[in-house]
Amino acid sequence: MSTVDDISAWRRRQRPWVLLRPVLTGLALLVVYYTLPLDRPEHGSVPGLFTGLIALAALVAWQIRAVMTSPSPWLRAAESLATAIPLYIVLFAFSHATMSYWDRAAFTEPIDRTDALYFTITTLATVGFGDIAPVSQPARIVVTVQMVTGLILLGLVIKAFLGAVQIGLRNAEGSRASQSDAGGAAGHDDGRPVETDRPTSGDGGPSDSGPAGG
C-alpha cells in the first residue's frame, strides 16, 4: 500500500475519534465543574484563574505546533478548538460560581454553577442579556479579563489555528511528494539490468555493412 493510501486510511479511522474525543472531554470537564467544591476559595480565586489561563495558553501553543506537523491538519485543529474553548468556559464559570459562593453580592443576584455557566457563555458570545451583571470590584475585574481574553480567543487564537492548518497542509503535501519521489527511485533501483541503446546502422558498428565486394 502506498503512503497516500496509508494517510487516507488513517484519516478515515480518525474521523469518528475527532468527533468523540471533544465530546468526552467536554463531559469530563462538566463532571469536574459540578463536583469540585466551591468552599475552597483557592479554587476560584483570581490567582487560581490566572494560573489556569496560563496553562490553557500553553496547551493552545502546543496544539498549534501539533497542527503544523499533523498529517491531517484540519481534523487536528477542529479537535483542538473543541477542547480549548470548553476548558476556557469552565475556568471562568467556576471562578464566577466560587466568587458568588463567598460573596452573595458579587453579582446582581446570587448565582449557582448553572447560572455561572450561562453567564460565562453569554459573555463570551457577546450577547449580554443583562439579567446577571458583576457588582463587586473583584467580580468586575474577572469579567473584564474574560471579555478581553474572549476577544483574543475568538480572534487571534482561531486565526493562529488557521495559519497552522495552512502550514500543516504544505508540510503534509511536501512529505507526500518526497515519499513519492523516494518510492519512484527505489523502483528504478530494483536490481534489474538497465537497457542501453543498441547501435544502429548509421553508428559505424561492425554489423553496419557486410563484407566488401571484390
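Just so it is clear, the values below take in all heavy atoms, side chains as well, and ignore hydrogens, waters and symmetry mates. Numbering starts at 1 and runs along the sequence shown.
If you chain together hydrophobic residues whose side chains sit under 4.5 Å apart, M99 and L124 fall into the same group. Both L153 and L49 belong to a single network of hydrophobic side chains, linked directly or stepwise wherever heavy atoms of I, L, V, M, F, W or Y lie under 4.5 Å apart. A single hydrophobic cluster is seen to contain both V143 and F129, as judged by linkage of ILVMFWY side chains at heavy-atom distances under 4.5 Å, directly or through other members.
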Can you give each donor-acceptor pair under 3.5 Å made by side-chain atoms of residues 84-93, sequence neighbours left out, with the distance rounded to 0.1 Å?
| from | atom 1 | to | atom 2 | distance (Å) |
| --- | --- | --- | --- | --- |
| Y88 | OH | Q146 | O | 2.8 |
| Y88 | OH | T149 | OG1 | 2.7 |
| Y88 | OH | G150 | N | 3.0 |

Residues 23-38, side-chain donor-acceptor partners within the protein, below 3.5 Å, at least two apart:
| from | atom 1 | to | atom 2 | distance (Å) |
| --- | --- | --- | --- | --- |
| T25 | OG1 | R21 | O | 2.8 |
| Y33 | OH | R113 | O | 2.4 |
| Y34 | OH | T114 | OG1 | 3.0 |
| T35 | OG1 | V31 | O | 2.6 |
| T35 | OG1 | V32 | O | 3.4 |

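Separating the CD1 atom in I132 from the CZ atom in F107 is a distance of 8.0 Å, to the nearest 0.5 Å. One finds the CG atom of L162 at 10.0 Å from the CD1 atom of I64 (value rounded to the nearest 0.5 Å). If you take CD1 on I167 and OG on S70, they are separated by 13.5 Å, rounding to the nearest 0.5 Å. Remark: F50 CZ to S95 OG distance equals 9.5 Å, nearest 0.5 Å. Atom CD in Q137 sits 9.5 Å away from atom OG1 in T144 (nearest 0.5 Å). To the nearest 0.5 Å, atom OG1 of residue T120 and atom CG of residue D115 are 10.5 Å apart.
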Derivation of the side chain to side chain contact (heavy atoms under 4.5 Å, CB included) call for L156 and L151: CA-CA 8 Å; L156 296 179; L151 292 175; over 6 Å; no
Verdict with reasoning, D131 to F119, per side chain to side chain contact (heavy atoms under 4.5 Å, CB included): CA-CA 9 Å; D131 49 347; F119 173 70; over 6 Å; no
Side chain to side chain contact (heavy atoms under 4.5 Å, CB included) between L117 and F94, worked out: CA-CA 8 Å; L117 194 63; F94 190 80; over 6 Å; no
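Contact check for S80 versus R76: side-chain heavy atoms found under the 4.5 Å cut-off. Looking at heavy atoms from C-beta onward, T126 lies out of side-chain contact with M147 at the 4.5 angstrom threshold. In this structure, the side chains of T98 and W102 come closer than 4.5 Å at one or more pairs of heavy atoms.
Without hydrogens or angle criteria, T122 side chain to Y118 main chain gives a donor-acceptor distance under 3.5 Å. Checking side-chain atoms of N171 against main-chain N and O of M68 turns up a donor-acceptor pair under 3.5 Å.
The two atoms that bring R140 and V135 nearest to each other are NE-O, 3.3 Å, heavy atoms only. Between P22 and A82, the shortest heavy-atom distance links the atoms CB-CB, 3.4 Å. For the residue pair T83 and Q63, the shortest heavy atom distance occurs at CB-NE2, 4.3 Å.
Listed by chain and number, the residues in a side chain to side chain contact (heavy atoms under 4.5 Å, CB included) with R65 amount to none (sequence neighbours excluded).
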